[in-house]
Amino acid sequence: VARKVAKVYPDSVLSFYCYADYTQPPTVQRKLAPNLCAMIAPIRYCRLHAIGDEHCPSRKQQAAMLDGWAKVAPRLGYYNYMYNLADATFPMFKYTPCKQDFPFLADKGLTYMTIEVLSNWYIYGPQIYLSLRMAYDPRLDAAALMNDYYDKFYGPAAGPLMKRYWMVIDEAST
């Protein structure tokens, strides 16, 4: 279907979800049509740790899964769950995963990203800011971005205290 669509609409991109029970890459190592994008939706993988974290079996497996898709799919997309689906009201800051995952995904050929987030700025504000900025440029300096955020969002007096608060949350979950 993708090849037939490309003949009529050569600039089109068709995507499909690699989701739930279907995240594993094909075992046949054959390149997919050039206009296909494998959209990885890792809903059943850990969301607390960075992709490939050596202490997290789920994220180690996810790194291998992404490697497999990168071998066969000309384009990769990623559906990034930026909140804790198990407890959506618990404060969470994915600083470490963001600073590691975005460059990792870019190296695998990431071309599209969906960021699913709840708009609870008081719970997810820093990671909303960080993930959106890094989605546009995965090579940005995460520490510099966040220092700017803390200073401008909370002000110079509260910024260092809020930085410590959010970094403790990140450290506790990674």
Side-chain angles (χ1 to χ4, degrees), residues 1-86 88 92-118 124 126-146 170-171 173-174:
V1 170
R3 286 181 178 85
K4 287 181 180 183
V5 169
K7 288 178 184 176
V8 179
Y9 302 101
D11 295 330
S12 68
V13 175
L14 304 176
S15 64
F16 61 94
Y17 276 106
C18 309
Y19 181 71
D21 291 337
Y22 305 100
T23 56
Q24 296 309 302
T27 55
V28 176
Q29 296 298 306
R30 178 177 66 217
K31 282 282 191 187
L32 300 175
N35 62 331
L36 279 177
C37 176
M39 190 67 154
I40 311 297
I43 195 165
R44 294 201 176 151
Y45 290 86
C46 169
R47 286 170 206 77
L48 297 177
H49 304 102
I51 297 170
D53 185 308
E54 65 183 48
H55 303 293
C56 180
S58 174
R59 294 297 262 181
K60 281 175 56 177
Q61 184 197 16
Q62 187 181 1
M65 176 265 292
L66 287 162
D67 286 341
W69 277 112
K71 289 177 186 172
V72 299
R75 303 164 194 258
L76 289 180
Y78 194 76
Y79 196 100
N80 205 343
Y81 297 95
M82 291 300 293
Y83 66 100
N84 184 352
L85 279 74
M92 178 180 190
F93 183 32
K94 292 179 69 167
Y95 173 75
T96 298
C98 281
K99 77 175 184 175
Q100 294 176 15
D101 290 357
F102 283 83
F104 175 88
L105 291 164
D107 290 344
K108 298 296 174 196
L110 181 75
T111 54
Y112 300 94
M113 181 172 292
T114 296
I115 297 174
E116 183 174 313
V117 67
L118 300 178
Y124 300 116
Q127 70 191 33
I128 292 170
Y129 177 79
L130 181 61
S131 65
L132 289 172
R133 295 290 305 272
M134 292 194 78
Y136 284 97
D137 185 352
R139 306 289 180 214
L140 290 173
D141 180 339
L145 276 174
M146 292 315 302
D170 176 69
E171 291 162 13
S173 61
T174 56

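- Environment of NZ in Lys31: crowded, with over 12 heavy atoms of neighbouring residues, nucleotides or ligands closer than 6.0 Å.
- Looking at heavy atoms from C-beta onward, Asp53 lies out of side-chain contact with Ser58 at the 4.5 angstrom threshold.
- Within the structure, the side chain to side chain donor-acceptor pair (under 3.5 Å) test picks out the following pairs touching residues 67-76 (sequence neighbours left out): Asp67-Lys108.
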Start with the C-alpha distance between Met113 and Ser131, add both sets of side-chain angles, then the distance that settles side chain to side chain contact (heavy atoms under 4.5 Å, CB included), and finish with yes or no. CA-CA 10 Å; Met113 181 172 292; Ser131 65; over 6 Å; no
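- Counting heavy atoms of neighbouring residues, nucleotides and ligands inside a 6.0 Å radius, atom OH of Tyr9 does not exceed 12 of them.
- Heavy atoms of other residues, nucleotides or ligands lying less than 6.0 angstrom from CZ of Arg139 number more than 12.
- Closest non-hydrogen pair, Met39 versus Tyr78, comes out as SD-N, 3.4 Å.
- For the pair Asp101 and Ile51, the tightest heavy-atom approach, listed with the atom from each and the gap, is OD1-N, 2.7 Å.
- Put simply, the side chain of Tyr95 does not reach to within 4.5 Å of the side chain of Thr174, judged on heavy atoms.
- For the pair Thr111 and Cys37, the tightest heavy-atom approach, listed with the atom from each and the gap, is OG1-SG, 4.3 Å.
- For the atom pair CD1 (Ile43) and CG (Asp21), the distance works out to 11.0 Å, reported to the nearest 0.5 Å.
- In this structure, the side chains of Pro103 and Met134 come closer than 4.5 Å at one or more pairs of heavy atoms.
- Gln61 CD to Leu66 CG: the interatomic distance, rounded to the nearest 0.5 Å, is 10.5 Å.
- The two residues Asn35 and Ala2 have their closest heavy-atom pair at ND2-O, 2.9 Å.
- With rounding to the nearest 0.5 Å, the separation of CG in Leu76 from OG in Ser15 is 12.0 Å.
- Note that the CE atom of Met146 and the NZ atom of Lys99 stand 12.0 Å from one another [nearest 0.5 Å].
- Summarising the geometry, atom CD1 belonging to Ile40 is positioned 13.5 Å from atom OH belonging to Tyr19; distances are rounded to the nearest 0.5 Å.
- Residues Met82 and Tyr124 approach most closely at O-CD2, 4.1 Å, considering heavy atoms.
- Among Asp107, Leu130, Leu140, Asn80, the single residue meeting the side-chain contact (heavy atoms from CB on, under 4.5 Å) criterion with Phe102 is Asn80.
- Taking each heavy atom of Arg47 and Tyr83 in turn, the nearest pair found is CD-O, 3.6 Å.
- Side-chain contact between Met92 and Leu48 is present, with heavy atoms from C-beta onward closer than 4.5 Å.
- Expressed to the nearest 0.5 Å, how far NE2 of His49 lies from NZ of Lys60 amounts to 12.5 Å.
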